[in-house]
Amino acid sequence: MPTTKDPQPATRIGYGFDSHEFHTGIPLKIGGVMLPHDKGLGGHSDGDVLLHAITDALLGAMAAPDIGALFPPSDPRWKGADSVIFLREAMKRVHDAGYAVANLDASLILSAPKIGPHAAAIRARVGELLSVHADRVGLKAKTPEGLNLDNAAIAHVVVLLEPAKQRKSAPRRKPKARR
Ligand SMILES: [Zn+2]
């Protein structure tokens, strides 16, 4: 192993996966948006399968511990928690390391409800949470053909990070080192 510190790469890629089971009598939240449906996603926190996969993609890009390590399902604090909390922690790590989201692409796999009518709202909300325009948020929804997974929602996400841009008011040239 080299002993010198690894210089930060210009870009970093992250991948996240998550799945949750549908249960009756709970609200359905996907990508931070409430969707009208007779079932919701159970399990960890509010069950937002898309925000969990995005959080893990961001954490993975930073080679940070994953969502389950940072927010263990066994911890009662996270029962029913808004998954935006998890995403914000991941974004804080991204920003602290000097990165910003370049773009994100997500695939949702679920038999119902149809995502199409809500895709614009989900992309807008995810873009807002990641501080990027909705045009940088890809969202595809598929039905689980041949997978026998009609009672599950699955999300796959890839995210690309790039160096955060300097603020326009900041000087372009490197400031002289102070001693
Ligand atoms: Zn999850």
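One-based numbering, in listed order, for ligands and for the atoms of each. In what follows, residues are counted from 1 in the order of the sequence shown.
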(request) Side-chain contact test, heavy atoms from C-beta onward, threshold under 4.5 Å: evaluate it for P9 versus Y99 and give yes or no. (result)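 Yes, at least one pair of side-chain atoms sits under 4.5 Å.
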(message) D46: which residues meet the salt bridge (charged side-chain N to carboxylate O under 4.0 Å, His left out) condition with it, sequence neighbours left out?
(response)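 For D46, the residues satisfying salt bridge (charged side-chain N to carboxylate O under 4.0 Å, His left out) (neighbours in sequence not counted) are K29.
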(message) List the residues meeting salt bridge (charged side-chain N to carboxylate O under 4.0 Å, His left out) with D66, not counting sequence neighbours, and say none if there are none.
(response)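 Per chain and number, D66 pairs via salt bridge (charged side-chain N to carboxylate O under 4.0 Å, His left out) with no residue.
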(request) Measuring from the Zn ion (ligand 1), count protein N/O/S atoms under 2.8 Å, please. (result)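 For the Zn ion (ligand 1), protein nitrogen, oxygen or sulfur atoms under 2.8 Å: 3.
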(message) Tell me whether E128 is salt-bridged to R125, with the criterion being a basic N under 4.0 Å from an acidic carboxylate O.
(response)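 Judged by the 4.0 Å cut-off on N to carboxylate O distance, E128 and R125 do form a salt bridge.
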(message) If the threshold is 4.0 Å, N to carboxylate O, is there a salt bridge linking R136 and E162?
(response)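 Salt bridge flag = yes for E162 with R136.
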(request) Considering only Ile, Leu, Val, Met, Phe, Trp and Tyr, and joining two whenever side-chain heavy atoms are under 4.5 Å apart, list the other residues clustered with L160. (result)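 Answer for L160: I13.
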